[in-house]
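Heads up: the structure comes next, in structure tokens.
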Number of protein chains: 2
Amino acid sequence: MQLFEALKIDEALKVLKENLINVRARSEEVELLDALNRVLAEDVYSPEDIPPFNRSTVDGYAVIASDTFGASESLPAILKVAGEIKMGEKPAFSLKAGEAARISTGGMLPEGSDAVVMLEYTQPLEDGTLLVERPVAPGENVILKGEDVKKGDLVLKKGHTLRPQDLAVLAGMGFQKVRVAVSPKVSVISTGDEIKPPGVEIREGEIRDMNSFSVAGLVLKWGGIPEVFGVVRDDFDEIKKAVSEALKISDLVVISGGSSVGTRDLTVKVLESLGKPGVIAHGLAVKPGKPTIIAVVEEKPVVGLPGHPVSAMVIFEQVVRPIISWFLGRPEDYGGLKVKAKIARNISSAAGREDFIRVRLEQKEGELWAVPVLGKSGLISTMVESHGLARIAPEKLGVKEGEYVDVELY
Amino acid sequence: MQLFEALKIDEALKVLKENLINVRARSEEVELLDALNRVLAEDVYSPEDIPPFNRSTVDGYAVIASDTFGASESLPAILKVAGEIKMGEKPAFSLKAGEAARISTGGMLPEGSDAVVMLEYTQPLEDGTLLVERPVAPGENVILKGEDVKKGDLVLKKGHTLRPQDLAVLAGMGFQKVRVAVSPKVSVISTGDEIKPPGVEIREGEIRDMNSFSVAGLVLKWGGIPEVFGVVRDDFDEIKKAVSEALKISDLVVISGGSSVGTRDLTVKVLESLGKPGVIAHGLAVKPGKPTIIAVVEEKPVVGLPGHPVSAMVIFEQVVRPIISWFLGRPEDYGGLKVKAKIARNISSAAGREDFIRVRLEQKEGELWAVPVLGKSGLISTMVESHGLARIAPEKLGVKEGEYVDVELY
């Protein structure tokens, strides 16, 4: 058995990255409607102008703006109606000085015109002339060709997670498909002789598997595909068999469960037996979550989460989520929304240790407060009742009531 | 044609609700791993205690706390080791005064014991006695039976959207399945002679369909199932045919596209022709998004979104999302995270009108600022570049630079 000093999370991730040669985002093309929440695998430049022509944003008359300068109700500009513009068609005529053309919202401005007067400020007369009762500036009530997106513009960057508006702009640029990162497969293994899968009656001394579900849920939430193995007994051969199988079918293996020293040692032994470099971090300078194991086996990352359900979720967010982000080519710090809030009571922390405090957010007199939800890291209910995690940086010895902390929301 | 006064959004939703008899959340049972982001259809009470027994949170010795009172390194308490507790099993013995039992993290405390001393503060001797060098309080290093969740506790409420930790607590309570709201089917129809579906070459005067994609994306994001009809021409019979078909297969119909008066009038005529009550709101006191149509046809809600892509998304969030929430039995105001931020410039608004301003959030000197992203509501790029919508309430005439506004994040 090697001895490991407890690394800080960022140090552990750095060592892990150095030991991984093969983590690169693979990509695939998907239909736009299947691309929501997927991560762009390449920069997207616009192949065309949006809109592709000068487009009216109102119902009214296309004009030459300078023809309307000085127009008022008492002294309207008098223009000649040159025609009507049909939707979806290029006007067959161009506008000359003193002319106007009826146009609807979304219509294409005829050549020569540079603005649109809203219908309510015009009066068409029977003889084909039009009274314009207000002046318009050049460009008024018009979206100019390329004003939304210019041909050649970098519109969306590689690593960006696609939202509904992003799908719309991709459609607007004419894309039917988009190249996104392949979602990594993440095997989820629970261990522990006292842990029973759902559906099995439990006897005294046994408890139900919770971590498989929080971990699989987090995998889904952050863009991976969970492969749930269920519960494996605390037995060297059984754990080894499960991990070997998991390494075959997935990009990343997450083992959760056993919090006792015996179980952890067993997991370490299994990971060491599967090849080099094996375990690269055993124990992290973080609370909760100290008994974390990080390994590289067959060039794939393996993370042994602590067994306590809160610790398992905290370490997932801090260690496993960044690894999923590597596979997706997404920024490593991608996660929940971070807000600043005042901590509602003193919290002490050890130097050199990063602390994550479950908090509820409360708004008091216009200020955001983070109220610690206290309770042992074995209590999943504290995760259900809280809104996010407040972080106390390793260099701090704690935070005082009223001090600002960074809170990442679930 | 009826004339409608422009209702405020909440008024329009109220009228809509009064005209809908059949919106109730239907429910179905799903496996836990399929339940992420689904909405609970019933209150969940715990059928059992979690944990179901007094459980050690450390590796050490189960003791009777009072036996350790006053113990120190120089004057350790001397106990007799009564046995070892196996993981996942009920101890076969109970603890009497002066006794201790070896226990691992997660193990079940024997009857009689009420605390656990951590391994590092003990010294087992060869003769079966144990030196305890620190006192423990009753309950120390133990999660008591029911401390996480008590049998009969209301753990999760109807209408709650399930997160990873909620799946874990459901598993912990022994549930394999959970009853959730059936996701409503939402038909998405685009109209407009100038709008072309992706994959079709566009001619001058035509633009590509963007709203089908933002709307379908929003439907997915907020828990509905989109049925995308694509683009329908501005023709009474064609729109009527599409809407009739949509009413057959979905719970809610969203028509987007045509911003011109002609197109809007056509949509209104179609909706009026399909039966009573037909259109119940035409025009909302909101910017952007005034030309919104709300109707009830065949007891189902139909929303006509404005054609401008920003307006369509704003009205989706303010009108369609609450309707989806009705179907899901979720709080009507469910949505993105709301934060307070200082607006970075003066914005004027008309009295009686609700305004939604696209903003970027920026943190300056510890304060959150909402920087308006200006631009016409026809520019989808302003949605891509912004982080959320700041709301100016109907009773306000605007906001002054530095004033707090509510921002809902995308």
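Being a predicted model, the structure only gives us computed values, none of them experimental. So you know, we letter chains A, B, ... as the sequences are listed, proteins then strands, and number each from 1.
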Where on [X] is there a heavy atom nearer than 4.5 Å to chain B: the side chain, the backbone, both, or neither?
X	result
A/Leu36	side chain
A/Leu162	neither
A/Ser386	backbone
A/Val310	neither
A/Leu409	side chain
A/Met108	side chain

Query raised in the report: Distance from A/Leu32 atom CG to B/Ser212 atom OG, nearest 0.5 Å?
Result: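 Nearest 0.5 Å value for the CG-OG distance: 11.0 Å.
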Query raised in the report: Among all residues two or more places apart in sequence or in another chain, which pass the salt bridge (Lys or Arg N to Asp or Glu O under 4.0 Å) test with B/Glu204?
Result: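 Applying salt bridge (Lys or Arg N to Asp or Glu O under 4.0 Å) to B/Glu204 gives A/Lys90.
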Query raised in the report: So, A/Glu147 and B/Lys376, do they make that salt bridge, N to O below 4.0 Å?
Result: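 Yes, charged N to carboxylate O under 4.0 Å.
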Query raised in the report: Between B/Arg203 and A/Glu89, is the closest basic N to carboxylate O distance under 4.0 Å?
Result: no
Examine whether an atom of [X] lies under 4.5 Å from a heavy atom of chain A, and if so say whether it belongs to the side chain, the backbone or both; otherwise answer neither.
X	value
B/Val58	neither
B/Val142	backbone
B/Met383	both

Main chain of [Y], side chain of [X]: is a donor-acceptor contact present, judged purely on distance under 3.5 Å?
X	Y	answer
A/Arg55	B/Gly378	no
B/Arg163	A/Val384	yes
A/Ser214	B/Gln165	no

Query raised in the report: Taking the side chain as C-beta and beyond, is there a heavy-atom pair between B/Arg208 and A/Glu48 under 4.5 Å?
Result: yes
**Report entry** Interface residue of largest heavy-atom contact number with chain A, from B/Ala168, B/Gly217, B/Pro91, under 4.5 Å
**Finding:** B/Ala168
